[in-house]
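As structure tokens, the structure follows; a few thoughts come after it.
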Amino acid sequence: MQVTTKQFTDSAESALNDAKIQANLLGLYGGFHQARLDASAATPDWDALQERGRAIKAHTIANLDAYLRMAMENVHKAGGNVYFAKDANEATSYVTSLALSKGVKTVVKSKSMVSEEMSLNERLEEAGIESVETDLGEYIIQLAGEAPFHIIAPAIHKSREEVSELFEDKLNAPHYTSIDDLAQEARRQLREKFIAADMGITGANFIVAETGTLVLVTNEGNGRMCTSMPRIHVAITGMEKVVPSIEDMGIMLRLLIRSATGQRISSYVTAVTGPRRAEDEDGPEEFHLVIVDNGRSRLLADPDLREALYCLRCGACLNACPVYRKVGGHSYGWVYPGPIGAIVSPMLTNLSDAKDLPYASSLCGACKEACPVKINLPRMLLYLRHQLAEGDNYPQHRTSTAKERLAMKVWRMAASNSFAMSTASKLGRLAQPFMPGEGKNKGGSSPLSAWTRHRALPSLASRPFRKRAKDHDL
Amino acid sequence: MAAATSPVRASLFVTCIIDQIYPEVGDSTVRLLRRLGVELDFPASQTCCGQPAFNSGFWSDAKPLARRTIELLQHDKYVVVPSGSCASMMRVFYAELFHDEPAMQQRIASLASRTYELTEFIVDVLGIDDISAYAEGETNQNKRKVTYHEGCHLRRELHAQTQSRTLLDSLPNVELTEMEQSEVCCGFGGTFSVKFPEISGAMLNDKLKYAGETGADAITACDSSCLMHIGGGIAKNGMDIQPQHIAQVLDDALTG
């Protein structure tokens, strides 16, 4: 997927000015966010479940090489193939070559964020292979030629009316007014593709190492059809999605589904182990598991960022985030938006290009509060800010400007002792009448004039507390 | 603690924003704590806890400020901070800032164990739930309607969600009217509001809308920084609601 993290501020402002996007974002807090709160409140010992889930992820990520090897061996035992892809390009080449060598003309796909990293649809189309998204939300954005707006609800920024217009335009469908009719239209269109497809491509919510089982969580059932109808099934997964055992998977499923949609269980939970066996009535002839690194080992190698690999991709931090709820998913400029995206996207693409992302947070902590495995997202945002400002771990990505560094030095000097602070505040009071304020510097572009578009500036007190302390005999 | 015969001793860390912009909040804090029997002192050379630099990534600039704050408060008394955010910096983030200096960790842990945000200090250390018992003579019995904004660091770093509400609820002359989404950030975030004024402004506008809908006379919070931001929006929009730090609301309600 094309990386546009550099344009964060511009994209965010255009989202802020887009009344349709703003209207469609309004429902998230009362919707998914509230549903998660209700579901977790209704789960006995939710906190203990979270701790257990976190411990499972911590253990797995700390022993990732061993569990990946175990997963590979067990997929092989079940008759499947495993391919480790160093980056998105390797993964895409493997899938495309496989499709070409097997004479595949049509691919049906279920939701996979990793395949977005790979620009897989575009690459398959370039190779002359039709690739059709079958998750309704993904189908909508594929028709619209857009990227997912949200990790679990890719088309949440589109209203029913917009989808209706899109179907009229792209599918020559009649003008539908109900969501049910729109879903039925997509179903009719997709049914033909399922019948024609030679290859099904899915993501993976979990890979169970001890059995080599792929687990998929969906609500529409098309994901399951992608695993069972075409003669070849390819599953693509980030390398962090492995869990040791079936029992662990059960814990993670409870956390994932409640945090994603507030359901106790999704409509479909599909577990697939290898291709069709001799005694099976149906199923694919071939099963391929593509395990993708694509920068994840950079997260693994950095003890301060490793925790980002605990992410279940439930989307709870997006729904909780007041910044995401204003700027939406596309502003973040790559596959993963919101608080987790502000950590993962810079590290999987280019940190200095994405320098705005770690700063695009008020550090309110709502993401940390929402995360089912208690990932401390604000701590990682602070760490990335430090690396961008002056840190030693990614020196080639240091992007702080001389102006920013100077501002900090001035603040540090002003606050270095009580006398300096008093002197600075005297100077500040003298400068105050010249600051942009109500009716002043209109249309200016200094940081202060931008600030005063929404808020009046406060004034420095004529007698600071350090002077008043004497009045209190302090 | 409250039952002890000797008074509770505490240092006031007033925060730079209260010192420089809202000294009257400091006045209220002192009056309030003294009324509750606290033996208070004010280490005069205090400045800033270092959070602005820390949050901006400039840890080398934050460190000297944090270090002098830690040294200044190296004693056996409590430290009371009328700010959930600055208290979080000292209690939670100093350990992170000095993660590469093991020698500092013991002093930081000591400071963290003694540092409380104002309403936490009153409820959790002094053991006071019903603050109305400390009213001075005849208080004004006209009920004022107050709504409460929950500061982010107070809620999610200090995990103090109930103390401020307990104190407000205990006052017969204050009616706490909860606003929608009181737990959602007002959009300040320090340099965040300067770096992304439009995103921050959109968040602020939601906060103002929900505060306005309560019909309260005042919006209160445990942080002057949130209130500076919210108050700036109130002034800009000419709204009829007053931003007031919780120290002022409590002080006023007890004085009458």
Side-chain angles (χ1 to χ4, degrees), chain A residues 9 12-13 16 29 322-323 326-327 359-366 368-369 379 382 384-391 400 404-405 408-409 411-412 414-418 420-421 425 428 438 447-448 450-461 463-469 471-472 474, chain B residues 12 14 16 18-23 26-27 30 40-42 44-48 50 52-61 64-65 68 93 96 152-153 155-157 181 184-185 187-189 191-206 228-229 231-233 235-236:
Chain A
T9 307
E13 289 190 9
L16 285 170
Y29 204 63
V323 174
K326 289 297 172 197
V327 306
Y359 283 97
S361 160
S362 63
L363 300 174
C364 78
K368 180 176 75 162
E369 193 178 47
R379 198 197 59 74
L382 282 162
L384 285 177
R385 290 180 184 193
H386 175 52
Q387 295 309 324
L388 287 161
E390 57 173 15
S400 56
E404 287 167 335
R405 286 193 296 272
M408 282 302 148
K409 297 283 176 270
W411 174 254
R412 172 177 160 180
S416 61
N417 60 60
S418 185
M421 192 121 182
S425 76
E438 205 70 42
L448 279 181
W451 211 78
T452 53
R453 260 202 297 282
H454 293 283
R455 342 135 169 85
L457 271 183
S459 312
L460 288 167
R463 208 161 156 255
F465 184 81
R466 65 187 60 250
K467 297 271 188 274
R468 295 192 192 205
D471 307 348
H472 297 284
L474 277 170
Chain B
L12 173 64
V14 82
C16 55
I18 291 177
D19 176 37
Q20 295 296 321
I21 302 179
Y22 303 106
D27 295 338
V30 173
L40 207 62
D41 63 65
F42 178 74
S45 62
Q46 61 180 270
T47 56
C48 166
F54 176 68
N55 282 0
S56 304
F58 292 94
W59 296 6
S60 66
D61 294 310
L65 300 183
R68 70 186 299 281
F93 294 113
E96 182 73 28
C152 296
H153 282 160
R155 176 188 169 96
R156 303 191 186 88
E157 299 300 337
Q181 301 189 8
V184 175
C185 179
F188 180 55
T191 47
F192 168 73
S193 66
V194 178
K195 232 173 151 78
F196 303 103
E198 295 301 325
I199 304 172
S200 158
M203 292 159 69
L204 174 61
N205 289 338
D206 280 1
M228 176 182 79
H229 193 231
K236 188 83 188 178

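All chains are named by letter (A, B, ...) in the order of the sequence lines, taking the proteins before the strands, and each is independently numbered beginning at 1.
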So, the side chain of B:K195 versus the backbone of A:A360: is there a donor-acceptor pair under 3.5 Å, distance only? no
When the 4.5 angstrom heavy-atom criterion is applied to A:Q387 and chain B, the contacting part is neither
For chain B, find which of A:C364, A:S418, A:A461, A:G365 contributes the most heavy-atom pairs closer than 4.5 angstrom. A:C364
So, B:S193 versus A:R455: side-chain donor-acceptor pair below 3.5 Å or not? no
Out of B:L12, B:I18, B:T191, B:D206, return the one with the most heavy atom pairs under 4.5 angstrom to chain A. B:D206
Top residue by heavy-atom pair count (under 4.5 Å) with chain B, among A:L382, A:L363, A:D471, A:L460? A:L382
For B:F54, is it the side chain, the backbone, both, or neither that has a heavy atom closer than 4.5 Å to a heavy atom of chain A? both
Are B:E198 and A:R453 close enough for a salt bridge, meaning some N to O gap below 4.0 Å? yes
Heavy-atom pairs under 4.5 Å with chain B - which of A:H454, A:M421, A:H386 has more of them than the others? A:H386
Report the relative orientation of the aromatic rings in A:W451 and B:F188; use parallel for angles under 30°, tilted for 30 to 60°, perpendicular for over 60°. perpendicular
Counting only heavy atoms closer than 4.5 Å, note whether B:F196 contacts chain A via side chain, backbone, both or neither. side chain
Please rank A:S400, A:P458, A:S362, A:G391 by heavy-atom pairs under 4.5 Å with chain B and give me the top one. A:S362
Look at B:V184, B:L40, B:D27 and state which one has the largest set of heavy-atom pairs under 4.5 Å with chain A. B:D27
Among B:G231, B:P52, B:S56, B:C16, single out the residue with the greatest number of heavy-atom pairs under 4.5 Å to chain A. B:S56
Checking heavy atoms, do the side chain of A:S425, its backbone, both or neither come under 4.5 Å from chain B? both
Most heavy-atom pairs under 4.5 Å with chain A, out of B:G189, B:G50, B:A44, B:G57, belong to B:G57
How about A:E390 and B:S60: does a side-chain donor come under 3.5 Å of a side-chain acceptor? yes
Okay, side chain of B:R68, backbone of A:S416: is any donor-acceptor separation there less than 3.5 Å? yes
So for A:R463, is it side chain, backbone, both, or neither that comes closer than 4.5 Å to the heavy atoms of chain B? backbone
Which answer fits B:L65, side chain, backbone, both or neither, if we ask what part of it has an atom under 4.5 Å from a heavy atom of chain A? side chain
Please answer whether the main-chain N or O of B:F192 pairs with a side-chain N or O of A:Y359 as donor and acceptor at a distance below 3.5 Å. no
Looking at B:N55, B:D61, B:I21, which has the largest count of heavy-atom pairs under 4.5 Å with chain A? B:D61
Heavy-atom contact with chain B under 4.5 Å, split by part of A:A12: side chain
